[in-house]
Amino acid sequence: MAEKSDYLLEMKNISKDYNGNVVLKDVSLSIKPGDVVGLVGENGAGKSTLMNILFGMNVIRDTGGYGGKILIEGNEVNFASPSDALKAGIGMVHQEFSLLPGFTATENILLNREPQNKNIISQVFGKRANTLNRKEMQRVALLAITKLGVELNSEMVVGSMPVGHKQFTEISREISKPNIKLLVLDEPTAVLAEKEAEALLRSIENLSKAGIAVIFITHRLQEILDVCNKVVVMRDGMVVKELVAKSTSISEMAKLMVGREVKAQENAEDETSKLRVVENKPILSIRNLWVDMPGEIVKNVNLDVMKGEFLGIGGLAGQGKIGIPNGIMGLYTAGGKVTFDGKDIPLNNPRECLTSGLAFVSEDRRGVGLLLDESLEWNVTFSAMQIHNKFLKKIGFIKFRDNKAIKKTTDKYIEQLQVKCTSSKQKAKELSGGNQQKICLAKAFVLEPKLLFVSEPTRGIDIGAKALVLESLKRYNRESGTTIVMISSELEELRSSCDRIAIISDGAVSGILPASTSSEEFGMLMVGNKTPKEAS
Amino acid sequence: MTNELELQQTPQKKGSAFLERIKSGVKAFGLPRLIITGFLVLLFLIAPAAHVNIGTAITDVINRFGMNAIMVLAMVPMIHSGCGLNFGLPLGIIAGLLGATLSIQTNIPGGASFWLAILYATPFSVIFGWAYGKLLNKVKGSEMMIATYVGFSAVSFMCMMWLLLPFKNPTMIWGYGGSGLRTTISTQGYYYHYLNDFLALDFSKWVSPASVGDGAFIGAMKNFFSHLVIPTGMILFFAVFAFIIWAFLKTKMGTAMTAVGSNSQFAMASGINIDRTRTISVIMSTWLGAVGILVYEQSFGFIQLYNAPFYMAMPAVSAILIGGASVNKATITNVIIGTILYQGIVTMTPSVMNGLVHTDMSEVIRIIISNGMIIYALTRKTEASR
Amino acid sequence: MSENVSVFAKAGSSIKAKFISFGNGIVTFFKTPSSYVKLGSVLAIIGLAIVLFFVGKEHQFLLDNNTIEINGKSYSSLNLVSAKIDNSDFIEIPRRTRMNNFQTGQSHKITLNYIENGQEKELVTKFKVPASEKNTLISLPALIAGADQSEWMSEFLSVQAPVPDEPAVEDDMAMDMDGMDMAF
Amino acid sequence: MSNIFKNAVTSVKDGFKGFGDRQSKKFHDFVNRGPKENLKNLGEFALNNIVPIIFIVFCAFAIPISGQPFSSVVRDVVTRLMRNSFLVLSLLIPIMAGMGLNFGMTLGAMAGQIGLILVSDWQVVGIPGLMLAAIISIPISIVLGWFCGTMLNKAKGREMVTSYMISFFMNGVYQLVVLYMMGSIIPIASNSLLLPRGYGIRNTVNFAGTKGSLGMRKSLDNFWSFNIGTIQIPILTILIIALLCIFILWFKKTKLGQDMRAVGQDMEVAREAGIKVERTRVLAIIISTVLAGFGMIIYLSNMGTLNTYNSHSQIGMFSIAALLVGGASVSKANIRNAFLGIILFHTMFIVSPYAGKNLIGEAQLGEYFRVFVSYGVITLSLVLYEVKARRAKGHQAKELKEAQEKMLKNKETAEVIA
């Protein structure tokens with residue numbers, strides 16, 4: 001056995017790239033038993049990739065493995081699968097629970113690790129015929145729960161538990177595993193109420209006292225200060241700084257998290273922008289909007305969008321920014337009041353929005369944005385055909401598809417957006433991500449909307465396509481005066497294309513600032529402390 | 001991602017391109033369908049050895065094709081709109097039976113009774129289809145199981161109704177009691193062979209069977225044609241309906257229906273009223289089922305009531321699957337190829353089997369092939385309706 | 001072409017892999033102790049099946065009270081014999097008749113009560129019947145006269161008249177599955 | 001070995017204790033809840049068990065109308081209870097594993113029938129004959145169950161319609177084997193079984209044995225039974241059914257039973273925890289098929305005659321209808337549902353033709369009515385299950401709406417105060 005170093009876990013100059021675009025550059029991290037390490041960073045800073053590497057997820061192995069070394073208690077390890085990581089004593093609690101609602105807490109904690117009693121039949125039919133030792137299961141579960149230091153009724157069915165207790169059940173499951181040494185918590189407090197978050201932080205303290213190290217991934221910087229002894233701030237795939245929790249402050253962390261020198265050419269007023277007139281009259285006003293979109297809950301959004309404006313909506317993942325367009329366009333149940341162009345828009349009614357001139361490019365390209373099994377022609381012209389009866393020719397009193405007009409328009413947009421495809425008849429599923437996104441844009445442009453929602457247009461597409469998509473959005477806004485609302489988790493892109501940026505945190509608008517304001521201020525908004533002047 | 005595109009454009013070598021096309025052709029055609037086609041061709045080849053006259057065999061296949069084609073066509077609208085395979089076809093068939101019995105009740109002889117039957121059947125199929133569609137919209141995702149049992153419940157309910165409904169026409173009711181319909185009612189005198197005989201090409205009138213003096217080839221030809229009768233009326237009738245459905249899929253409503261079946265999220269985001277489109281597709285399917293059974297009866301010669309429609313959905317479902325349709329994609333060509341293959345096997349196996357081996361295994365083979373085909377389709381990875 | 005070759009290679013290797021895993025599956029099978037228990041239980045069930053076969057096998061015994069001529073000696077039928085096999089109740093077998101009795105299993109005990117020149121006599125003999133012998137003829141006169149077993153017991157090969165196929169007795173929930181007798 | 005025995009005793013002991021606590025807890029809850037609360041629960045209870053309630057009401061009316069003497073109805077129901085319980089109970093395990101109603105149980109019935117055909121050919125009779133048939137049916141059921149299980153794994157999400165189609169497909173294969181292979185390829189000696197043409201089993205196989213032979217009819221029931229008036233109570237059959245109930249209760253406590261419950265609730269979570277999901281589901285189907293095979297043997301020994309080409313197909317549908325009538329659903333079923341269901345369903349089945357005759361003078365109407373009711377019950381339960389499953393998804397939206405309204409209300413009160 002190599003010399004026993006006092007570090008429980010050391011990750012030395014870890015690097016990772018997904019066929020070409022680098023995601024992690026020379027990341028090093030060392031954790032001692034009982035440490036509580038806060039891992040902070042924007043979306044896309046590389047936090048989740050780092051954890052996937054630590055955990056030996058096969059998504060890493062399938063895309064070419066990783067550079068650098070990982071040492072557990074001094075000796076190097078290379079996990080082929082999550083179960084290897086588990087055996088080495090590393091547990092992980094994901095944001096969406098992996099619990100069985102119909103099972104009691106005890107049964108969930110010991111899922112597939114239940115202590116068993118041998119019986120005659122299991123001699124013949126194999127181990128799976130052993131009966132479960134209920135008393136022993138309860139004892140082990142209570143042991144884990146007391147180790148966590150929370151009150152949790154171990155015999156209650158998880159389905160009828162409050163969210164906080166579900167979280168505790170999942171954590172107790174991880175720490176009930178035999179030689180648990182390190183626990184990774186991924187955004188645990190995102191779904192918890194205040195009181196429950198307090199109880200969780202105290203339980204993390206109990207864990208570190210019991211010698212279990214915790215990596216605590218969160219964007220609520222206040223919680224980092226309360227419970228962590230070390231903070232690692234990551235940005236653009238690099239560890240920007242390692243701070244001692246005691247001696248740092250929320251503003252310093254936010255600045256490190258988001259702060260980049262502002263790029264020179266950002267939002268320079270080029271000559272085309274003069275054409276566009278941004279009136280001071282709101283074209284769209286949203287009052288008390290709530291949207292039930294799983295993972296992107298919107299609680300109470302009030303927002304006004306000016307006519308002809310290019311508004312950006314930012315904020316961290318899971319805070320509800322993507323819920324807003326999905327709610328308004330009726331894809332998810334929503335409530336509240338939305339007036340557009342002076343007219344009240346009934347919610348939960350996609351047709352009404354589309355006919356009154358709203359359009360939406362969904363973030364879920366393959367799920368909602370495209371007809372994968374149909375040709376590009378269909379994808380581009382379908383919405384316009386159904387809403388504005390375009391591309392139809394009347395024979396007798398029946399409206400048939402006008403294939404010539406469809407082909408002409410599709411080819412126009414293929415050429416205008418430089419979509420790489422064999423022909424307009426090619427199936428959408430055969431295109432690359434970037435080209436699929438261009439087709440979704442073309443579909444919206446064909447509708448000639450008065451207001452265009454664009455959600456995460458640049459997610460998961462190559463650099464070339466990214467630039468072209470943003471460029472065509474900006475040109476469309478300038479030339480046809482259509483108001484565009486772009487929702488993106490890439491702060492830089494918002495700042496380079498939008499006039500104003502609203503930041504959404506915890507399902508509500510935490511502030512609206514002009515694009516030119518410093519990224520630190522945006523960082524502060526993102527982590528949830530509201531700017532003094534309450535957003536109108 | 002971008003390099004993937006360059007690969008497509010580079011010109012491939014002549015030989016492998018040809019092989020490529022065959023391979024993709026085979027894949028598109030589907031292995032099981034290839035086996036079934038091979039089986040059918042084999043049957044036709046050994047037919048003479050089993051002294052089965054090819055002429056009568058072809059006539060039989062065409063006749064059976066005409067009889068069942070519209071019911072297989074009835075599958076297309078619901079598959080297109082994502083409601084899955086219409087195991088609830090008996091509902092449409094019941095509407096057709098009601099139409100037929102009412103038209104015989106009004107006792108207008110000849111061809112007019114056929115159109116009258118369709119007229120009577122239409123309101124029933126719209127009402128049944130609407131209620132059935134509403135129900136399926138409530139259970140999105142597990143339509144097929146519930147459709148099967150809606151079909152069975154409807155058929156067993158109608159068994160009671162056939163007893164109670166006040167029909168008076170003597171040709172239909174039981175001799176003694178006078179109440180309740182007979183299990184099979186003959187369409188003689190009404191629309192029996194009304195479509196079949198319309199412009200029928202009855203070669204047997206023009207060509208006499210092979211006489212002694214003819215050579216081998218001429219003799220074979222004579223034998224072939226002398227037994228050949230083509231029911232053009234029925235084929236034309238199907239062609240009209242096939243054209244209507246083909247054209248419908250080109251309309252605005254038809255495109256919307258295809259989108260709903262292909263990706264219902266996409267359709268919802270484009271403002272399509274999903275439930276209304278699905279209900280319309282169910283109504284169309286039920287109506288086609290009604291017309292289909294009427295066409296079937298005019299050629300078969302009998303209206304079968306009570307438990308007869310219980311399993312009528314299975315042949316239509318397996319036919320369209322043999323034709324190459326999947327649980328969420330079906331075209332008119334699938335209907336035509338599928339019906340020919342299915343009916344081909346159903347007609348050829350008994351005659352050839354008896355000729356060769358004097359046992360009638362055809363029933364067993366039909367069950368295995370048709371249900372095997374349905375299982376093959378259900379176990380394909382299509383995430384569409386379940 | 002290269003693509004097809006790799007397909008065959010891949011298929012070949014996967015079959016080989018399965019074969020190897022099956023191979024060492026057997027090896028591990030014999031290492032682990034509990035697998036002996038599994039093997040034992042399977043053999044036990046097969047053994048039970050064989051025992052059940054023999055215990056449950058039904059034999060038809062034809063108790064024959066006719067004068068009979070067996071290799072030279074003739075045994076005349078008695079006027080009245082009552083016989084029973086194992087513990088079934090007695091069957092009266094008058095002169096020149098033959099009664100049947102069904103028993104399961106191969107080894108049996110036959111008890112005879114008969115009157116011989118005025119006295120009540122009882123005779124009990126044990127005998128074994130080969131499993132494959134469905135029907136066995138027992139000539140009571142020969143048995144009583146004390147002939148040895150090969151003479152008074154013989155296999156009875158009945159010509160099986162084809163039994164008419166009764167109409168299907170339907171459970172009253174009758175509704176046959178393949179009600180598709182039409183031209184479908 | 002001793003601790004194994006000790007564990008068995010303790011688990012039975014705390015099984016009863018657990019049962020006792022649960023009942024007393026329910027009673028306490030009932031008492032200290034206010035009447036309005038109880039009414040709402042009663043409403044909830046009524047909605048959940050709408051199907052059994054309909055049947056109870058129907059039977060309450062139909063029995064007097066049918067004019068059948070109560071004792072003869074009870075006698076019929078008892079015989080059917082003995083005949084069908086094993087079959088209906090064999091459906092519980094796939095439901096527990098989240099595979100819904102196993103229409104593929106006809107595969108097990110076919111295996112049982114093949115066992116019986118072979119045994120009656122070898123003229124092995126009585127209880128040994130039945131046991132031999134059961135042993136023969138085991139390997140066949142395992143193979144058929146494995147095939148059906150693997151097919152269902154390929155059609156996740158649409159298990160029921162696929163298992164339905166597999167039962168049709170297997171019916172074809174069964175006919176191929178029994179109608180063509182038996183006699184020609186598989187040696188069948190007694191031509192009382194064979195069709196006149198020399199191969200293929202005839203339509204009815206009579207277990208009563210010809211010309212006074214013992215045969216297998218009722219051998220299970222007559223082995224040890226006593227009579228209350230005209231009603232025969234076969235103790236041995238009851239013992240076998242009780243044995244199966246104990247097996248099911250014990251099975252829920254085993255590791256495999258726990259894995260099945262886990263897979264039934266959420267396959268992905270179970271897979272993440274390391275449970276071999278596919279294998280567990282296939283095992284669930286294999287066990288259910290083997291039990292269905294035994295159930296079919298018990299059913300046929302009671303019936304006395306085998307309707308070779310039809311009885312297996314009806315049995316699947318009627319057992320599922322009976323289970324659903326007992327209040328079971330696609331995802332939840334227990335032993336109580338099975339027994340209650342058989343009693344209610346078969347009472348309806350016996351009584352409705354007579355009720356039909358007396359009510360409308362058409363016995364045939366009653367016949368059709370009961371077929372309609374059994375299909376109707378399955379449709380109704382399937383639809384209710386799906387509708388309830390969808391309603392559960394919508395409740396989060398309700399929570400958000402309430403939070404919103406509450407927030408708006410206290411915002412207005414704040415403005416009023418300010």
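All chains are named by letter (A, B, ...) in the order of the sequence lines, taking the proteins before the strands, and each is independently numbered beginning at 1.
- Heavy-atom pairs under 4.5 Å with chain B peak, among Ser362(A), Ser383(A), Ala359(A), Gly330(A), at Ser383(A).
- In terms of heavy-atom pairs under 4.5 angstrom with chain A, the leader among Ile272(B), Thr255(B), Asn273(B), Thr251(B) is Thr255(B).
- Residue contact with chain B, scored on non-hydrogen atoms closer than 4.5 Å, involves the side chain of Asn389(A) exclusively.
- Heavy atoms of Ile387(A) lying under 4.5 Å from chain B belong exclusively to its side chain.
- Between atom CD1 of residue Ile398(A) and atom CE of residue Met253(B) there is a gap of 13.0 Å, rounded to the nearest 0.5 Å.
- Contact record, Asn263(B) with Gly367(A): ND2-O, 2.7 Å, taken as the closest heavy-atom pair.
- The part of Glu374(A) that comes within reach of chain B is its side chain, from C-beta onward, which places non-hydrogen atoms under 4.5 angstrom from that chain.
- Heavy-atom distances place no part of Ile274(B) under 4.5 Å from chain A, backbone and side chain included.
- Residue contact with chain B, scored on non-hydrogen atoms closer than 4.5 Å, is absent for Ile395(A).
- Using a 4.5 Å cut-off between heavy atoms, Phe360(A) makes no contact with chain B at all.
- Contacts between Lys443(A) and chain B at a heavy-atom distance below 4.5 Å involve the side chain alone, from C-beta outward.
- Closest heavy-atom contact between Leu354(A) and Gly271(B): CD1-N, 3.3 Å.
- Under a cut-off of 6.0 angstrom, the local environment of NZ in Lys250(B) is crowded, with over 12 non-hydrogen atoms contributed by other residues, nucleotides or ligands.
- In plain terms, the two heavy atoms of Ala259(B) and Phe382(A) that are nearest each other are CB-CZ, 3.3 Å.
- Heavy-atom distances place both the backbone and the side chain of Met385(A) under 4.5 Å from chain B.
- Within 6.0 Å of NZ in Lys408(A) there are 12 or fewer heavy atoms belonging to other residues, nucleotides or ligands.
- If you measure heavy-atom distances from Leu392(A) to chain B, the contacts under 4.5 Å come from the side chain alone.
- When heavy atoms are compared at a cutoff of 4.5 Å, Arg365(A) does not approach chain B at all.
- We find the OG1-CG distance between Thr258(B) and Leu371(A) to be 9.0 Å, quoted to the nearest 0.5 Å.
- Within a 6.0 Å radius of NZ in Lys404(A), no more than 12 heavy atoms belonging to other residues, nucleotides or ligands are found.
- Rounded to the nearest 0.5 Å, atoms CZ (Phe266(B)) and CG (Asn379(A)) are 5.5 Å apart.
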